[in-house]
Amino acid sequence: MSEETCDVVIIGAGPTGLSAARRLRRAGRGVIVLEARDRVGGRTWTEHIDGQMFELGGQWISPDQTALLALVDELGKETYPRYRDGDSVYIAPDGTRTVYSGEMFPVGESARTEMERLIGLLDELAARIGPQAPWDAEDAAELDSISFHHWLRQQSEDELACENIGLFVAGGMLTKPATTFSALQAILMAASAGSFTNLVDDHFILDRRVVGGMQSVSVQMAEELGSDIVRLQQPVRRIEWSETGVSVSTDDLSVSAQQAIVAVPPNLYSRISYSPPLPRLQQIFHQHQSMGLVIKVHATYDTPFWREDGLCGTGFGASRLVQEVYDNTNHGEEQGTLVGFISDVNADAMWALDEETRRTKILEALAEFLGPKALDPRVFYLSDFGAEEWTRGAYATSYDLGGLHRWGPFQNDPVGPIHFASSDIAAEGYQHVDGAVRIGTATAERILGEKS
Ligand code: FAD
């Protein structure tokens, strides 16, 4: 076991850990980043599969994600807009396919009115409650004790409106059934994106991508830090701590430091053993933040054939196997790429199938939106973060029903010299790369005494 010393040891080389390392290095602090995988970037992962570049993890940036946009700019990287010229496709619960333009799904007048009313209601709640401390709202306990599914049905008797609004947070963001997370959690998601209106606006929320892929942001930060600082294939197993410092151990390395930042997703906090054990509060609430599950479907075709049909590639269907599909053609490529999402129970069902049946069912689901040409991709691949030991789900973690108001107030508290940072406990940019950059930087600044 080799032994090293630095000022701050960081566990995890995702965008949170690397943003923290970068900020601390700028202030002249000695830093070591220990990363379990053989690559940096965590849940951002740009990979070539059969010669085709896919964004297996996080990729989109919205205009309000200014911390990430500033970082991308500082690193000298370019962004480009998602292709969205043309009409979208909506598939109703009865299977009816409608081509439409504009923001609102082409549903009947009453469902449309109800959807607009629910969006307005959620906008008001998001504006009043905000992303910083949703647990402080006077009705926080009440909103955290009812599932988003049941809350929607308390507000409206229109089942289709409830299902469509539920999709934006359940399948679309938290990737858990709407019965399993609270209305308060849904409001936090909306507040962190600026408003519920922003969440339902794919032009806003899925605005831009990074040329060369989102992982390149982390790769470049790691290159700037250098391999003396960022150590790969170093899964942290144990943290020994006292009020004055930490000793962090992997299988073959021990790093002593004044402070540590645990920059791993909250569902993995308990995979590390702490000596002495963390206080009762952390031991309890670290069990109540769990990952959602989504399959990100990638399919590349010789051409973006849907554009010839006047379609932009966007499709929605809250009751379908693939609930959302978008044109995900990479910058400068002639071949066309689609990305689709299959979440929670539908993802379970897909992983239970053999590979050939799974592929057939998923391609048929894409074809429902964009026609039979979708059945025959040149390259087809499914992101499988659920099988990744150092993530265990996708996109991010959220609390059980009732957990956000009960434990949220403590989630950012350090324990002695141990700080916890993750996009999943960020306020603005919650569950997104932007939140990772914000909380990584803010945690470093707290250590530097620049932030309370
Ligand atoms: P992570 O990226 O998870 O990084 C944590 C790091 O810690 C990992 O590298 C991991 O290997 C390491 N680690 C874990 N345990 C240990 C240990 N014991 N020892 C050492 N290292 C350890 N966000 C967006 O903004 N836009 C999107 O379009 C988007 N889409 C997404 C699609 C998918 C499929 C997924 C999975 C995520 C998506 N996200 C998106 C979310 C975004 O990727 C995350 O919010 C972001 O990567 C979180 O950064 P992080 O550094 O906090 O955590």
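Order of listing sets the numbers, starting from 1, for every ligand and every atom in it. Just so you know, these numbers come straight off a predicted model, no measurement behind them.
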Check: Can you list the ligand 1 atoms lying under 4.0 Å from a non-hydrogen atom of Gly41?
Finding: 2 (O)
Margin query: Please check if the number of heavy atoms outside Arg84 that lie under 6.0 Å from its CZ is greater than 12.
Written below: yes
Notebook entry, point to check: Counting heavy atoms only, which of Tyr430, Phe385, Trp60 is nearest atom 28 (O) of ligand 1?
Noted result: Trp60
Next item on the list: Write out the residue and atom name of the closest protein heavy atom to atom 51 (O) of ligand 1, then the distance separating them to 0.1 Å.
Entry: Thr16 N, 2.9 Å
Check: Does a donor on one side chain and an acceptor on the other come within less than 3.5 Å for Thr337 and His298?
Finding: no
Next item on the list: Please check if any side-chain donor atom of Glu55 sits under 3.5 Å from a side-chain acceptor atom of Gln215, or the reverse.
Entry: no
Item checked: Residue Ala436 vicinity, atoms of ligand 1 by number, heavy atom under 4.0 Å -> 49 (O)
Check: Of all the heavy atoms in Ala396, does at least one lie under 4.0 Å from an atom in ligand 1?
Finding: no
Note to self: Does the residue Ile11 have a heavy-atom contact with ligand 1, meaning some pair of atoms that are separated by less than 4.0 Å?
What the structure shows: yes
Next item on the list: Number the atoms of ligand 1 from 1 as they appear, then name those within less than 4.0 Å of a heavy atom of Ser422, with their elements.
Entry: 52 (O)
Item checked: Heavy-atom gap Arg271 to ligand 1 smaller than 4.0 Å -> no
Margin query: Quick one about Glu240 and Ser247 (side-chain donor to acceptor, distance below 3.5 Å, no hydrogens or angles considered), yes or no?
Written below: no
Next item on the list: Check the side chains of Gln411 and Tyr399 for a donor-acceptor pair under 3.5 angstrom, ignoring hydrogens and angles.
Entry: yes
Next item on the list: Using distance alone, with no hydrogens and no angle criterion, decide if Ser383 and Arg43 have a side-chain donor and acceptor under 3.5 Å apart.
Entry: no
Next item on the list: Would you please test Arg231 and Glu4 for salt bridge (charged side-chain N to carboxylate O under 4.0 Å, His left out) and show each step?
Entry: CA-CA 12 Å; Arg231 314 288 179 86; Glu4 298 193 35; 2.9 Å; yes
Checklist line | Shortest protein contact, atom 32 (C) of ligand 1 (heavy atom only) | finding: Tyr395 CD2, 3.2 Å
Notebook entry, point to check: Measuring from Ser182:OG to His405:NE2, what's the distance to the nearest 0.5 Å?
Noted result: 9.5 Å
Checklist line | atom 34 (C) of ligand 1: nearest protein contact (heavy atom, Å) | finding: Leu56 O, 3.5 Å
Notebook entry, point to check: Quick one: which of Val437, Val264, Thr397 has a heavy atom closest to atom 13 (N) of ligand 1?
Noted result: Val264
Item checked: Protein contact to atom 44 (C) of ligand 1 [nearest heavy atom, distance to 0.1 Å] -> Ser423 OG, 3.8 Å
Item checked: Proximal atoms of ligand 1 relative to Leu268 (non-hydrogen, under 4.0 Å) -> 14 (C), 15 (N)
Check: Distance only, no hydrogens: is a donor on one side chain within 3.5 Å (strictly under) of an acceptor on the other, for Lys176 and Gln185?
Finding: no
Margin query: Need the ligand 1 atom indices (1-based, order shown) with element for anything under 4.0 Å from a heavy-atom of Val433.
Written below: 23 (N), 24 (C), 25 (O), 42 (C), 45 (O)
Notebook entry, point to check: Taking non-hydrogen atoms only, is Leu18 closer than 4.0 angstrom to ligand 1 via side chain, backbone, both or neither?
Noted result: neither
Notebook entry, point to check: For atom 31 (C) of ligand 1, which of Gly58, Ser62, Gly14 has the closest heavy atom?
Noted result: Gly58
Next item on the list: Within a distance under 4.0 Å of any heavy atom of Arg37, pick out the atoms of ligand 1 and give their elements.
Entry: 8 (C), 9 (O), 10 (C), 11 (O)
Check: In terms of atom number and element, which parts of ligand 1 are under 4.0 angstrom from non-hydrogen atoms of Val236?
Finding: 17 (C), 18 (N), 19 (N), 20 (C)
Next item on the list: Could you list the residues that satisfy side-chain contact (heavy atoms from CB on, under 4.5 Å) with Tyr83, not counting sequence neighbours?
Entry: Asp85, Arg307, Asp327
Notebook entry, point to check: Identify the closest protein heavy atom to atom 9 (O) of ligand 1: which residue and atom is it, and at what distance?
Noted result: Glu35 OE1, 2.7 Å
Notebook entry, point to check: Going by heavy atoms, is Gly429 under 4.0 Å from ligand 1?
Noted result: no
Check: Is there a donor-acceptor contact under 3.5 Å linking the side chains of Ser423 and Gln431?
Finding: no
Item checked: side-chain contact (heavy atoms from CB on, under 4.5 Å) partners of Leu281, counting only residues at least two apart -> Phe285, Trp407, Phe410
Note to self: With a cutoff of 4.0 Å, is Gly57 in contact with ligand 1, counting heavy atoms of the residue only?
What the structure shows: yes
Margin query: Quiz question: by atom type and distance under 3.5 Å, do the side chains of Glu324 and Tyr326 form a donor-acceptor pair?
Written below: yes
Notebook entry, point to check: So, Asp123 and Thr197: side-chain donor and acceptor under 3.5 Å apart, yes or no?
Noted result: yes
Check: Closest non-hydrogen protein atom to atom 36 (C) of ligand 1, residue and atom name please, with distance?
Finding: Ala394 CB, 3.6 Å
Item checked: Part of Gln431 within contact of ligand 1 (heavy atoms, under 4.0 Å) -> backbone
Next item on the list: Pick one of side chain, backbone, both or neither for how Leu34 approaches ligand 1, counting any non-hydrogen atom pair under 4.0 Å.
Entry: backbone
Check: What are the atoms of ligand 1, with element, lying closer than 4.0 Å to any heavy atom of Pro265?
Finding: 3 (O), 5 (C)
Notebook entry, point to check: Can you tell me which residue and heavy atom of the protein come closest to atom 24 (C) of ligand 1, and the distance to 0.1 Å?
Noted result: His432 CD2, 3.4 Å
Notebook entry, point to check: Any side-chain donor paired with an acceptor under 3.5 Å for Arg209 and Asn330?
Noted result: yes
Next item on the list: Starting from atom 47 (O) of ligand 1, find the nearest protein heavy-atom neighbour and note its residue, name and distance.
Entry: Arg43 CB, 3.5 Å
